[in-house]
Amino acid sequence: MANVQVNQQIEDHRNLPDWSVYVGNSSTEYFPLTIDMRFNSGHFLSIMVYSTLMVFSATGNFTVLSILAQRKVRRSSRINIMLAHLAIADLLVTFLMMPLEIGWAYTVRWNAGDLLCRVMAFFRTFGLYLSSFILICISVDRYFAVLKPLKVHDNRARLMIIAAWVASGLCSLPQSYIFHLEQHPNITYYSQCVTYHSFETEVYEIIYNVLGMCLMYAFPLIVILFCYGSIYYEIFSRTNPKNLESFRRSSIDVLGRAKRKTLRMTITIVIVFVVCWTPYYVMSLWYWLDKESAKNVDQRIQKILFLFACTNSCMNPVVYGIYNVRKKRTASPLKQQEKSCGSHTNVKV
């Protein structure tokens, strides 16, 4: 009966170290499927949340692409091209990762075979990596546009975008090896797409997961903080009373507006990125470092925290759309001032 008590724990079947602890007999007559191996409230919660996120993400990102298409993006519109790639990356998450998670939560077991297990494991992370890397591209492009305008080149923007796609593929490729199809050692009709036996020791698995966290979360966050922090510092320095003697009053007003806009944009971008990703990695780190205590957290809370990783695809079109995507209109005062004052007021962000 001890095994039956273990079977009642609500845990994610994809996180368990080994299925053999669940069933001590080759017969399933006395050992029915555990609650994590059949449809439960946690799976229902996943389906509801992912479905909602799909609607918001698809609406936001298609809206961004539609506006950019109406602009008839020209060769010089680097930021527009990057925003288009960001929307595409988020749509990959929306229409590849989210439907996969919905279908997987509904069936619980994996019914699509080993090849699709490996292919979909690749795409589960590809869109997330690409979204994070494109955010890096946008941050670096804005950094050069403000601090080093004479060194801005379209070729650099294209190379950064290509590098983001290639790096995303390389970072996601190990997923195709780590995830594979396995049958339950006792309940032989039950198969699952899992990572069991892919690492020699648990330490290697933790290293792999932490490396993924650094590439997808820590590194982009550092770059975003540095780039937008430098932009704000540059504009703040230009508005310093000691540096305003060579500017006309209209130029000072433009710089003041740019300063306020940049500060709002920086705070918004950083907060959204942190809020969207931090809950997921806090739960992940807890699980990697202290698996036993992490398992005691209610499964529904765990799933909500893990679901936060996809919210960034919903927020990107809102955040970057507010500050970068606008309908065509007459030249703004900032652009007019840039034309009249030259590179000294080149503070477009």
Side-chain angles (χ1 to χ4, degrees), residues 2-3 5-24 31 33-37 40 42-43 46 97 100-101 104-105 108-110 114 117-126 128-129 132 168 170-188 190-221 277-310:
N3 285 333
Q5 293 299 321
V6 172
N7 287 346
Q8 298 309 309
Q9 290 185 342
I10 304 178
E11 298 170 352
D12 192 328
H13 49 271
R14 285 168 280 177
N15 292 336
L16 296 174
D18 195 346
W19 280 335
S20 60
V21 300
Y22 275 78
V23 182
F31 299 93
L33 290 178
T34 59
I35 192 169
D36 61 283
M37 293 169 65
N40 57 53
H43 297 112
S46 295
M97 178 183 175
L100 168 65
E101 296 295 338
W104 203 347
V108 184
R109 72 182 72 180
W110 185 265
D114 183 71
C117 165
R118 297 176 185 273
V119 170
M120 296 309 296
F122 172 87
F123 284 109
R124 284 182 78 199
T125 58
F126 178 78
L128 295 174
Y129 273 118
S132 292
S168 300
L170 293 176
C171 291
S172 302
L173 197 58
Q175 292 286 103
S176 300
Y177 169 77
I178 295 170
F179 277 87
H180 56 279
L181 190 69
E182 281 202 12
Q183 291 183 322
H184 195 286
N186 303 101
I187 308 176
T188 56
Y190 189 95
S191 58
Q192 191 57 269
C193 183
V194 292
T195 62
Y196 298 164
H197 314 128
S198 294
F199 298 94
E200 293 184 5
T201 66
E202 189 175 351
V203 174
Y204 291 157
E205 183 176 7
I206 293 176
I207 292 174
Y208 172 78
N209 289 327
V210 171
L211 181 61
M213 180 188 72
C214 292
L215 291 173
M216 194 180 293
Y217 171 68
F219 178 60
L221 179 60
W277 280 105
T278 301
Y280 170 79
Y281 279 114
V282 166
M283 191 67 235
S284 296
L285 277 173
W286 187 359
Y287 183 83
W288 299 334
L289 300 177
D290 191 358
K291 190 176 298 183
E292 295 305 317
S293 65
K295 289 179 180 179
N296 294 328
V297 178
D298 187 280
Q299 183 69 9
R300 288 164 294 188
I301 296 178
Q302 290 189 44
K303 286 187 178 294
I304 289 175
L305 294 178
F306 283 126
L307 287 169
F308 264 87
C310 293

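Residues: numbered from 1 along the sequence shown. The basis for the numbers below is simple: all heavy atoms, side chains too, and nothing from hydrogens, waters or symmetry mates. Note that this is a predicted model, so its numbers are computed, not measured.
A distance of 11.0 Å separates OG in S293 from OH in Y287, rounded to the nearest 0.5 Å. F122 CZ to S168 OG: the interatomic distance, rounded to the nearest 0.5 Å, is 8.5 Å. Atoms CD and OG1, from E182 and T195 in turn, are 9.0 Å apart once rounded to the nearest 0.5 Å. For the atom pair H180 NE2 and Y196 OH, the distance stands at 9.5 Å (nearest 0.5 Å). Taken to the nearest 0.5 Å, the NE2 atom of H184 stands 11.5 Å off from the CZ atom of R109.
Every residue two or more places apart in sequence or in another chain that forms a side chain to side chain donor-acceptor pair (under 3.5 Å) with T278 is listed here: Y217. Shown here are the ring pair (Phe, Tyr, Trp, His ring centres under 6.0 Å) partners of W288, two or more places apart in sequence or in another chain: there are none. Residues forming a salt bridge (charged side-chain N to carboxylate O under 4.0 Å, His left out) with D290 (at least two apart in sequence, or on another chain): none. By the disulfide bond (SG atoms under 2.5 Å apart) test, C117 is found to be paired with C193, residues two or more places apart in sequence or in another chain being considered. For the side chain to side chain donor-acceptor pair (under 3.5 Å) test, residues two or more places apart in sequence or in another chain that qualify with T125 are S172. Listed by chain and number, the residues in a ring pair (Phe, Tyr, Trp, His ring centres under 6.0 Å) with Y280 are F306 (sequence neighbours excluded). Every residue was checked against the side chain to side chain donor-acceptor pair (under 3.5 Å) condition with S46, not counting sequence neighbours, and none meets it.
Between the S176 side chain and the R118 main chain, a donor and an acceptor come within less than 3.5 Å of each other. Looking only at distances, no side-chain donor or acceptor of S191 sits under 3.5 Å from a matching main-chain atom of Q183.
Contact of the M120 side chain with the F179 side chain is not registered, since no non-hydrogen atoms from C-beta on lie closer than 4.5 Å. With contacts defined as side-chain heavy-atom distances shorter than 4.5 Å, the pair W277/P220 does not qualify.
Side-chain N/O atoms of Q192 and W104 include a donor and acceptor closer than 3.5 Å.
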Under 3.5 Å, which donor-acceptor pairs do the side chains of residues 200-215 form with other protein atoms, sequence neighbours left out?
from, atom 1, to, atom 2, distance (Å)
E202, OE2, K291, NZ, 3.3
Y208, OH, Q175, OE1, 2.7
N209, ND2, E205, O, 3.1

